[in-house]
Amino acid sequence: MEPSVLRRAVAASAIGNATEWFDYGIYAYLTVELTQAFFPGELGYLGTLLGFAISFVLRPLGGFVWGPLGDRIGRQKVLSMTIILMGVATFLIGVIPSYETIGWAAPALLFLLRIIQGFSTGGEYGGAATFMAEYAPDKKRGFWGSFLEFGTLAGFTLAVLVVFALEMSIGEQAMLDYGWRIPFMIALPLAMIGLYIRTKLEDTPVFRDLEAAGESESAATGALKDLLVRFWQPILALFGLVIALNVINYTLLTYMPTYLQTTIGMDSASADTLAVVGQAIMMLLIPFAGALSDRIGRKPCWWVSLVGIFVLAIPMYMLMAQGLAWAIVGFTVLGLIYLLQLGTISATFPAMFPTHVRFAGMAISYNVATAAFGGTAPLVNEWVVGETGDVLFPAYYMMGACVIGMIALYFVIETRGVSIMGREIPGLAEHRARQAAKTGS
């Protein structure tokens with residue numbers, strides 16, 4: 001494969017992920033403004049966080065629809081549809097009249113558009129990870145796959161910078177009055193750029209080979225049935241890994257600005273500075289995490305990350321309460337350990353399924369777990385901290401998720417360097433050979 005084609009494939013995957021996380025990022029960083037615009041009554045912050053969580057309601061349905069469809073008609077076609085749907089829904093949030101203008105219709109429209117975002121995201125993330133993994137060479141799947149999550153961090157960091165720049169240029173009151181709408185409108189041109197790049201690429205070589213051999217699914221329902229009957233074990237294993245991944249992700253990245261401002265008492269500018277510095281460091285190092293997994297394996301990286309966060313979550317949260325400088329240190333330490341999970345997603349998750357059910361397996365398992373445990377994480381953290389007054393609860397919550405991830409990781413097959421082509425689980429033959437060698441049979 002020509003390097004230029006591989007780079008365009010990486011860009012096509014990453015920009016959709018960046019757009020998705022730009023959307024989620026601006027929602028997270030405009031909590032105060034969204035609360036005033038849509039939830040001025042008793043619900044307050046909880047109403048805004050409910051709006052964040054509700055976007056995950058239709059993510060599983062999106063996975064059940066887009067995933068099997070992607071295994072039937074191809075990854076590229078589905079990804080072109082999801083990115084434009086996501087961009088339009090985000091843009092429309094920026095033009096909803098406020099609660100003061102149209103009453104309860106305002107939060108109702110917000111919730112509706114968040115649900116549409118969730119439905120499109122149900123196909124976007126699993127499809128992008130699959131697209132990236134199937135374009136990357138086997139020996140460097142970790143390195144190239146890490147750029148999908150580079151897109152995650154880039155989108156989130158762009159969200160912080162856009163919000164911060166607006167606050168500095170137009171002032172706090174203008175931001176509350178109308179400025180919060182501008183970042184949502186920016187999402188549409190970002191999506192259009194992503195759509196253009198994706199439509200200029202062929203489908204993945206792995207899917208085209210399967211299709212040429214006549215082994216792709218003839219109906220989306222066939223892929224779904226085959227997945228649920230034959231591959232329930234990797235579905236459950238992925239489910240456990242995603243619980244750990246996303247509880248940490250949404251607690252550490254998405255909820256952190258609200259936590260620092262409402263719980264620790266940090267001002268908005270300081271919270272933004274922490275996020276930008278920490279995420280910029282993570283962006284610089286994430287390709288190294290992916291490359292490391294190409295050398296030592298996916299599972300060792302995950303073990304170090306899960307155990308490390310379990311041990312350090314409480315000390316780092318205690319450190320973050322000591323002021324901005326220490327908060328940057330604590331956030332960055334947890335973020336760097338988390339990179340060993342984040343940087344290996346595209347290399348680890350799609351490789352848990354054979355080609356003909358890969359999009360569906362990735363999309364369904366990932367999105368059901370994310371809806372149940374990821375998107376609800378900010379709401380759960382805010383509610384428990386408010387009810388108990390225990391500011392360390394986010395650390396406890398991440399630790400519990402790490403335990404679940406460790407149990408799931410035990411059952412995952414190592415896929416470093418193996419081919420992900422065909423209708424068999426990647427790495428299974430190698431795994432059985434290793435087990436036979438250990439037992440001497």
Side-chain angles (χ1 to χ4, degrees), residues 11-35 37-38 48-49 51-59 62 66 78-98 106-107 109-125 127-128 148-167 169-170 175 178-199 249-250 253-254 257 272 275-276 279 283 370 375 378:
S13 300
I15 195 166
N17 216 33
T19 301
E20 174 192 342
W21 276 90
F22 178 78
D23 299 346
Y24 283 114
I26 55 177
Y27 192 97
Y29 281 93
L30 290 170
T31 300
V32 173
E33 290 82 359
L34 290 170
T35 299
F38 296 106
T48 306
L49 291 177
F52 183 85
I54 206 169
S55 71
F56 292 82
V57 171
L58 282 192
R59 268 187 88 149
W66 298 115
V78 168
L79 288 172
S80 295
M81 290 185 278
T82 56
I83 193 170
I84 193 62
L85 187 60
M86 186 166 57
V88 169
T90 306
F91 172 83
L92 291 176
I93 289 176
V95 299
I96 301 173
S98 67
L109 287 171
L110 174 66
F111 286 171
L112 174 62
L113 291 171
R114 293 289 294 169
I115 288 171
I116 293 172
Q117 283 180 322
F119 179 74
S120 61
T121 302
E124 171 62 36
Y125 188 82
L148 181 67
E149 300 309 322
F150 182 92
T152 294
L153 295 169
F156 212 81
T157 303
L158 178 62
V160 180
L161 293 174
V162 167
V163 171
F164 181 75
L166 277 171
E167 287 175 345
S169 60
I170 66 176
M175 199 69 184
Y178 67 88
W180 65 268
R181 299 179 180 278
I182 298 172
F184 287 100
M185 295 178 181
I186 292 173
L188 187 57
L190 284 177
M192 295 304 293
I193 294 170
L195 178 65
Y196 175 79
I197 295 174
R198 287 178 176 180
T199 55
N249 199 346
Y250 287 93
L253 299 183
T254 306
D272 291 346
V276 170
Q279 288 168 195
M283 286 171 64
T370 300

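- Applying the side-chain hydrogen bond (donor to acceptor under 3.5 Å, both in side chains) rule to pairs touching residues 186-198 yields Glu124-Arg198, sequence neighbours excluded.
- For Thr199 against Ser80, the heavy-atom pair with the smallest separation is CG2-OG, 3.9 Å.
- Remark: Trp21 pairs with Tyr24, Phe156, Tyr250 by the ring-ring contact (aromatic ring centres under 6.0 Å, His included) rule, at least two apart or across chains.
- Contacts of Phe111 classified as ring-ring contact (aromatic ring centres under 6.0 Å, His included), with partners at least two apart in sequence or in another chain: Phe39.
- Between Tyr125 and Leu148, some side-chain heavy-atom pair lies under the 4.5 Å cut-off.
- Looking only at side-chain heavy atoms (C-beta outward), Phe184 and Leu34 come within less than 4.5 Å of each other.
- Side chains of Gln117 and Ile93 form a contact here, defined as non-hydrogen atoms less than 4.5 Å apart.
- The distance from the CD1 atom of Ile15 to the CD1 atom of Ile193 is 5.5 Å, given to the nearest 0.5 Å.
- Note: Thr90 OG1 to Leu85 CG = 9.5 Å, rounded to the nearest 0.5 Å.
- Smallest separation of non-hydrogen atoms from Gly25 and Ala159: C-CB, 3.7 Å.
- Here the OG1 atom belonging to Thr152 is positioned 7.5 Å from the CG atom belonging to Asn249, to the nearest 0.5 angstrom.
- Leu166 approaches Gly179 most closely through the heavy-atom pair CD1-O, 3.7 Å.
- To the nearest 0.5 Å, the span separating CD1 on Ile115 from CD1 on Ile54 amounts to 4.5 Å.
- With hydrogens and angles ignored, the 3.5 Å screen pairs no side-chain donor or acceptor of Asn17 with any backbone N or O of Gly151.
- Between Tyr27 and Thr48, some side-chain heavy-atom pair lies under the 4.5 Å cut-off.
- Ala191 and Gly87 make their closest contact through CB-CA, 3.7 Å (heavy atoms, listed as atom of the first residue, atom of the second, distance).
- One distance of note links CG of Leu110 with OG of Ser55; it measures 9.5 Å at 0.5 Å rounding.
- Using a distance-only test at 3.5 Å, with no hydrogens or angles considered, a donor-acceptor pair links the side chain of Arg181 to the main chain of Ile96.
- Within the 4.5 Å cutoff, the side chain of Val162 has heavy atoms near those of the Phe22 side chain.
- Distance check, rounded to the nearest 0.5 Å: CD of Glu167 to CD1 of Ile170 gives 8.5 Å.
- In this structure, Leu158 and Leu190 have side chains that are in contact, with non-hydrogen atoms separated by less than 4.5 Å.
- Looking only at distances, a side-chain donor or acceptor of Thr82 sits under 3.5 Å from a matching main-chain atom of Leu79.
- Annotation for Thr121 and Met86: closest pair OG1-SD, 3.7 Å, computed over non-hydrogen atoms.
- Classification of the Trp180-Phe38 ring pair by plane angle, with boundaries at 30° and 60°, yields perpendicular.
- Here the side chains of Arg114 and Val57 are not in contact, with every heavy-atom distance at 4.5 Å or above.
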